[in-house]
Amino acid sequence: MNTTTLLLTMAACGAVTFLIRLSFIAFGRYLPDDPRLSAILRYVPPAILGALIAPEIFVLDGRVSLNPDNPRLWAALTAVLIAWRTRNVLATITAGMLALWALQACMI
Amino acid sequence: MNAPTPRSEFLAGVHAELPLLLGVVPFGMIFGVLGLAAGLPAWAVVLSSSLIFGGSSQVVFAQLWGVAAPPAITVTTIGVVNLRHLLYSAAVAEYLRGLPWRWKLLLAYLLTDEAFAAALPRLRDGPATPHRHCFLLGTGATLWSGWQLSTLAGVLLGTAIPAQWSLDFSIALTFIALLVLAVHRRSDAGAALVAAAVVLPALALPHKLGLLVAAAAGIAAGLALRRFDRKTP
């Protein structure tokens with residue numbers, strides 16, 4: 001696809017993102033204060049993050065692989081444990097990368 | 001004690017944001033590397049950081065561009081990925097009421113996960129002084145600058161980092177850290193697990209609809225699992 005398509009798609013993504021952020025700040029009094037809407041919104045972050053994480057772990061070379069030999073699976077589980085215990089983003093990334101490198105070194 | 005000035009509020013916001021840059025700067029650099037690897041030209045990787053300005057959505061944008069997803073699907077998916085910012089907008093709105101339009105537009109543009117997280121305690125629990133929005137400007141401007149510079153650094157270093165280092169995995173790790181912080185109830189965990197399970201087969205769906213379908217399934221699962229939650233926070 002060409003440069004114009006890229007620019008227009010990116011600008012549209014930026015506009016959508018900006019309007020979401022502007023929504024209640026600018027138009028709060030016109031927007032519904034509906035508990036059902038907040039109930040749905042509450043599950044957007046965990047659902048999106050779950051859907052973003054799984055392919056990063058289980059898709060290797062364009063194919064889904066649920067093989068337990070996958071070092072990314074164990075490194076990710078290490079990261080979940082560290083994130084849960086420390087609630088610290090940097091500690092989670094560091095522990096996950098160290099676990100992945102250690103596992104990859106062992107498996108070569 | 002002197003009343004807070006716009007300047008002192010701004011600097012306090014900068015100060016509150018700086019520790020968060022420890023996580024944001026590596027993420028920005030990795031996004032720079034990953035954007036190039038996905039097939040975006042260098043200028044587009046750098047431009048997306050100011051035009052879209054949202055880390056996880058920029059990663060998704062690069063991935064969808066890399067697989068030539070239709071623009072309408074890309075824009076919709078980015079909208080869903082960033083939908084959580086509605087919550088932030090609603091949370092800060094009451095503190096920004098009465099500000100001129102130019103302030104509302106500027107602060108809405110800067111309203112990201114990390115700027116919001118660092119500013120909310122001040123806005124919600126601090127004194128209701130007339131310049132408190134300058135605190136949010138401080139956190140937002142600091143994050144914005146750190147994000148632009150780290151993306152640029154990633155693009156410049158991109159080709160120098162060997163693929164064997166598997167640095168792309170740190171994107172998944174960042175998402176894992178954010179996910180664990182976002183899970184407070186059993187139904188939150190249920191939403192994440194169902195979305196993760198659905199996305200793998202859904203990746204084969206036409207037009208790269210997989211992420212949207214998985215997110216919808218996860219949200220539905222979270223709503224259905226609400227009755228198993230122990231308490232409402």
Report yes if the side chains of B:Leu110 and A:Arg21 come closer than 4.5 Å at any heavy-atom pair, otherwise no. no

Looking at A:Phe58, A:Phe24, A:Trp101, which one has more heavy-atom pairs under 4.5 Å with chain B than the rest? A:Phe24

Distance-minimising heavy-atom pair for B:Ser49 and B:Thr151: OG-OG1, 2.8 Å

Non-hydrogen contacts under 4.5 angstrom with chain B: give the residues of residues 76-84 of chain A involved, or none if there are none. A:Ala76, A:Ala79, A:Val80, A:Ala83, A:Trp84

For the student: nearest non-hydrogen atoms of B:Thr139 and B:Ala119, plus distance: OG1-CB, 3.8 Å

Interface residue of largest heavy-atom contact number with chain B, from A:Ala54, A:Ala51, A:Gly96, under 4.5 Å: A:Ala51

Sort and list the pairs that fulfil side chain to side chain donor-acceptor pair (under 3.5 Å) and have at least one residue in residues 19-40 of chain B, not counting sequence neighbours. none

Where along residues 26-34 of chain B does a heavy atom come under 4.5 Å of chain A, listed by residue number? none

Under a 4.5 Å heavy-atom cutoff, which of A:Val16, A:Leu41, A:Ile57 has the most pairs with chain B? A:Leu41

Does anything in residues 98-110 of chain B pair up under side chain to side chain donor-acceptor pair (under 3.5 Å), and if so which pairs, sequence neighbours excluded? B:Tyr109-B:Trp144

Note: vs chain B, highest number of non-hydrogen pairs under 4.5 angstrom among A:Met97, A:Met10, A:Arg87 is A:Met10

Minimal heavy-atom distance between A:Val44 and B:Val80, with the atoms involved, is CG1-O, 3.8 Å

Do B:Val183 and B:Arg186 have side-chain heavy atoms sitting under 4.5 Å apart? no

Comparing A:Val59, A:Leu19, A:Thr86, A:Ile53 against chain B, the one with the most heavy-atom pairs below 4.5 Å turns out to be A:Ile53

With chain B, which of A:Gly14, A:Gly50, A:Cys13 has the greatest number of heavy-atom pairs at distances under 4.5 Å? A:Cys13

Measure A:Leu100 against the heavy atoms of chain B and call it side chain, backbone, both or neither at under 4.5 Å. side chain

